[in-house]
Amino acid sequence: MTNLILILGDQLTTDLSALKAADPNRDLVVMAEVHSEATYTNHHKKKLVLVFSAMRHFADQLSGEGWQVHYQRYHPDDSATTLEAVVARLVAKQNFERVITTECGEWRLHDQVRQWHERLGLPVDILPDHRFLSTKAEFANWAEGRKQLRMEFFYRELRRKTGLLMTPEGGPEGGKWNFDSDNRKKWSGTPPAPTPFRAEPDQLTQEVIGQVNRWFPDSFGTTDDFHFAVTTDGADAALSHFLDSALPWFGDFQDALSDKEDWLFHAVLSPYLNMGLLDPLTVCEAAVQRYYSGHAPLNAVEGFVRQIIGWREFVRGLYWLHMPGYADENRLGNDRPLPWFYWSGETDMRCMHKTIDATQRNGYAHHIQRLMVTGNFALLAGVLPREICDWYLAVYVDAYDWVELPNTLGMVMHADGGYLGSKPYAASGKYIHRMSDYCSQCRYNVNKATEDDACPFNALYWHFIDRHRDDFASNPRMGMMYRNWDKQKPERRQALIKRGEWLLANIDKL
Ligand code: FAD
Ligand code: DLZ
Ligand code: SF4
């Protein structure tokens, strides 16, 4: 009897376990654009275009390869507004033996699908997702009994497991596991940043752009200048573009920020990795090949590989280890609503304005903008983790709960007590000034802290340090900050706290 093979919008690869378990001559592949998935957050318009267009291209590819595909295009009048409703409608019409699907990336949907067998009245097989280098069980085993979970140690396990950048003797290439200390250069325009990769929208993508503009006019961002790849071939071309034009400098300028360049030397591959259009191991092997062929230095290649087999795998492991309770963590007791300028970009803080503006235009901001600009501000201002997490989930084309949540709630907000960093990434304007050219364009003065025109990050930083003394004073990596704070004259401390209070009370005017 026929099986119903459900494929989700972030599972677009023929290597998917659900497809591997299926028979093209017998089974029906089902894919559906539905209201519930398109609206569970205020998705960026470019993300909607990317997901719908890539889904349609993948369905066409499967049909071309001989699969029977039932594809439901989005329409606001369709009564089947959830994936479950689409499946239920098909099950009511035709006899299926079972539903087969690959486990969802997000807890929200996973929690629904695992109840479907009762609600639909037929077996639902949920197969493991093999698109990661470690399984959920491997991560849980590794984590068990450890007092502290540190990405660096998990990363080393995966280097050994994959053999990436390992010598024949079994040691790390170059004699060190991690070259991060080489990767902190400011970028002053040399070498020039590469031209960003562009895939010109074909007719199908143009049709989707029109539909998204018509049906989701109030969603965040814009569809203008859509140039993401929407197929495996397109994503492969994006990978080649990165390897040729940016990888050699990826390490040097990994932490840099620029007022003029949106993408710098970053890969812009996360949307494709997260949707199944690229495979993480293949991407890492291609980068490592550039090291062995002498086209990219070790600090660049190791730094890049660490992001993918280190951070990406680590955050996924944490997510599944701690969900569903993880999403409710708020260990610093924050209570401030998200300032409105996160949505509008209307703020005189140049670094914030430029980051949010790029986010609106591109559905992309690079890691240091996310971590040290918009993230750092939310941390210093004590924004509610739930609200800032919702923002990050909405505004980026690569955003999926399993990767967004640990990065925001954990890495940025330290709301989980510190799984992703032994201390919070809190920083004053000095850090942003050191790594960027934003401050020279800003109405605020980065060298001032208490005056009316002083950089808001400065007083907010000290306010944060002061109000979280109980949380951090005994942290060995924060001790120096508290000694610096305590060494300042009482009048100076008072003025900084006063300015911090004013900034927090007037946050929407900044
Ligand atoms: P590059 O800087 O070129 O890095 C290469 C690859 O490494 C990325 O494509 C990505 O797959 C991986 N990677 C790098 N850093 C991380 C990380 N911290 N966690 C997981 N993978 C990483 N990434 C997402 O894919 N989706 C998200 O929703 C997301 N939300 C984030 C929210 C916050 C607050 C922060 C600080 C980071 C977030 N990240 C997220 C991680 C990271 O910022 C993006 O993966 C990266 O900016 C994607 O751009 P890129 O491909 O140019 O990355
Ligand atoms: C992100 C997304 C969007 C916007 N739309 C759909 C959709 O209409 N149909 C679908 O199957 N998947 C979509 N997705 C991706 C899913 O939300 C994603 O599969 C889940 O978040 C699980 O990771
Ligand atoms: Fe950002 Fe402060 Fe620099 Fe302005 S002065 S760009 S607010 S760090």
Side-chain angles (χ1 to χ4, degrees), residues 6-11 31-41 43 47-48 50-52 55 72 74 83 86 103-110 151 242 246 250 254 259 263-275 278 280 283 303-308 310-316 347-354 364-375 377-378 388-389 392-393 396-409 411-413 420 425 428-433 436 438-448 454-458 510:
L6 177 69
I7 298 186
L8 304 173
D10 58 352
Q11 300 180 337
M31 297 177 71
E33 300 167 11
V34 288
H35 187 74
S36 60
E37 294 307 307
T39 56
Y40 66 81
T41 185
H43 294 290
K47 182 176 178 192
L48 291 171
L50 175 64
V51 173
F52 286 180
M55 284 176 71
Q72 175 177 303
Y74 184 85
L83 290 165
V86 172
E103 60 191 350
C104 306
E106 300 192 345
W107 174 268
R108 171 189 63 82
L109 195 54
H110 165 77
M151 185 284 292
F242 165 67
F250 175 83
Q254 196 178 346
D259 196 72
W263 320 82
L264 285 172
F265 298 87
H266 290 274
V268 199
L269 294 177
S270 47
Y272 315 129
L273 285 163
N274 296 350
M275 297 173 77
L278 284 178
V283 167
F304 179 71
V305 166
R306 177 160 24 90
Q307 304 313 308
I308 295 182
W311 283 114
R312 189 169 184 270
E313 296 283 329
F314 185 72
V315 299
R316 178 189 184 242
T347 165
D348 287 341
M349 292 180 282
R350 180 76 177 183
C351 53
M352 291 287 285
H353 167 72
K354 288 293 285 190
Y364 177 89
H366 62 72
H367 185 64
I368 299 303
Q369 291 174 311
R370 298 187 203 194
L371 180 64
M372 299 310 295
V373 181
T374 41
F377 188 87
I388 186 72
C389 289
Y392 277 101
L393 186 63
Y396 293 114
V397 294
D398 60 17
Y400 294 89
D401 203 44
W402 66 265
V403 50
E404 174 278 319
L405 189 71
N407 269 294
T408 311
L409 188 136
M411 191 184 290
V412 162
M413 299 305 287
L420 286 108
Y425 283 89
S428 69
K430 213 196 245 177
Y431 175 89
I432 296 172
H433 184 45
S436 80
Y438 288 133
C439 302
S440 57
Q441 313 286 322
C442 186
R443 158 166 116 65
Y444 295 107
N445 187 332
V446 73
N447 296 315
K448 295 183 181 175
C455 168
F457 282 84
N458 290 337
L510 297 179

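For this chain, numbers begin at 1 and follow the sequence in order. Remember, it's 1-based here, ligands and their atoms both numbered in the order they're listed. Predicted, not measured: the structure shown is a model, and the values here were computed from it.
Considering backbone and side-chain N/O of Thr408, none are found under 3.5 Å from N/O of ligand 1. Polar contact with ligand 1: absent for Leu273 (N/O pair, distance under 3.5 Å). Considering backbone and side-chain N/O of Gly9, one or more are found under 3.5 Å from N/O of ligand 2. Where the criterion is an N or O separation shorter than 3.5 Å, residue side chain and backbone included, Asp10 meets it with respect to ligand 2. For His266, a nitrogen or oxygen atom sits less than 3.5 Å from a nitrogen or oxygen atom of ligand 1, counting backbone and side chain alike. Checking only distances, Asn274 does come within under 3.5 Å of ligand 1, N or O to N or O. The distance criterion of under 3.5 Å between nitrogen or oxygen atoms is met by Ala267 with respect to ligand 1. For ligand 2, the polar-atom distance check against Ala32 finds a nitrogen or oxygen pair separated by under 3.5 Å. Where the criterion is an N or O separation shorter than 3.5 Å, residue side chain and backbone included, Leu109 fails it with respect to ligand 2.
Compare Glu37, His35, His43, Glu33 by their heavy atoms: the one nearest to atom 5 (N) of ligand 2 is in Glu37. For atom 14 (N) of ligand 2, the candidate residues are Val51, Leu83, Leu8, Leu48; the nearest heavy-atom contact is made by Val51.
For Glu404 and Tyr396, the side-chain atoms include no donor-acceptor pair closer than 3.5 Å.
Contact between Pro271 and Asp398 at its shortest, heavy atoms only, is N-CB, 3.7 Å. Shown here for His353 and Thr347, the closest heavy-atom pair between the two residues is CB-O, 3.5 Å. Closest of all the heavy-atom pairs between Thr39 and His43 is N-CD2, 4.2 Å.
Here Met411 has side-chain heavy atoms under 4.0 Å from ligand 1, and that is the only part of it that gets that close. Looking at Phe250 against ligand 1, only its side chain comes within 4.0 Å, counting heavy atoms. Under 4.0 angstrom from ligand 2, the non-hydrogen atoms of Met55 all belong to its side chain. Contacts between Tyr364 and ligand 1 below 4.0 angstrom, taking non-hydrogen atoms only, involve the side chain exclusively. Using a 4.0 Å cut-off between heavy atoms, Phe242 makes no contact with ligand 1 at all.
Protein heavy atom in closest approach to atom 6 (C) of ligand 1: Ile308 CG1, 3.6 Å. Looking only at protein heavy atoms, the nearest one to atom 26 (N) of ligand 1 is Asp398 O, 3.0 Å. The shortest contact between atom 18 (N) of ligand 1 and any protein heavy atom is with Asn407 OD1, 2.8 Å. Protein heavy atom in closest approach to atom 24 (C) of ligand 1: Val403 CG2, 3.4 Å.
Counting only heavy atoms from C-beta outward, the side chains of Trp311 and Asn407 never approach each other to under 4.5 Å.
At a 4.0 Å cut-off, at least one heavy atom of Tyr40 sits close enough to ligand 2 to count as contact. Arg108 counts as a contact of ligand 2, since one of its heavy atoms falls under 4.0 Å from the ligand. Heavy-atom separations between Tyr396 and ligand 1 are all 4.0 Å or longer.
Within the protein, the N, O or S atoms sitting under 2.8 Å from atom 1 (Fe) of ligand 3 are Cys351 SG.
Few gaps surround NE2 on His110; more than 12 heavy atoms of other groups in view lie less than 6.0 Å from it.
The atoms of ligand 2 that sit less than 4.0 Å from any heavy atom of Val34 are 7 (C), 8 (O). Which parts of ligand 2 touch Phe52 is read off a 4.0 Å heavy-atom cut-off, strictly below it: atoms 5 (N), 8 (O). In the vicinity of Gly105, heavy-atom distances shorter than 4.0 Å reach the ligand 2 atoms 22 (C), 23 (O).
For Val268, the side chain to side chain contact (heavy atoms under 4.5 Å, CB included) partners at least two apart in sequence or on another chain are Phe228, Trp263, Tyr364.
Between His266 and Phe250, the angle of the ring planes goes over 60°, which puts this pair in the perpendicular group of the 30/60° scheme.
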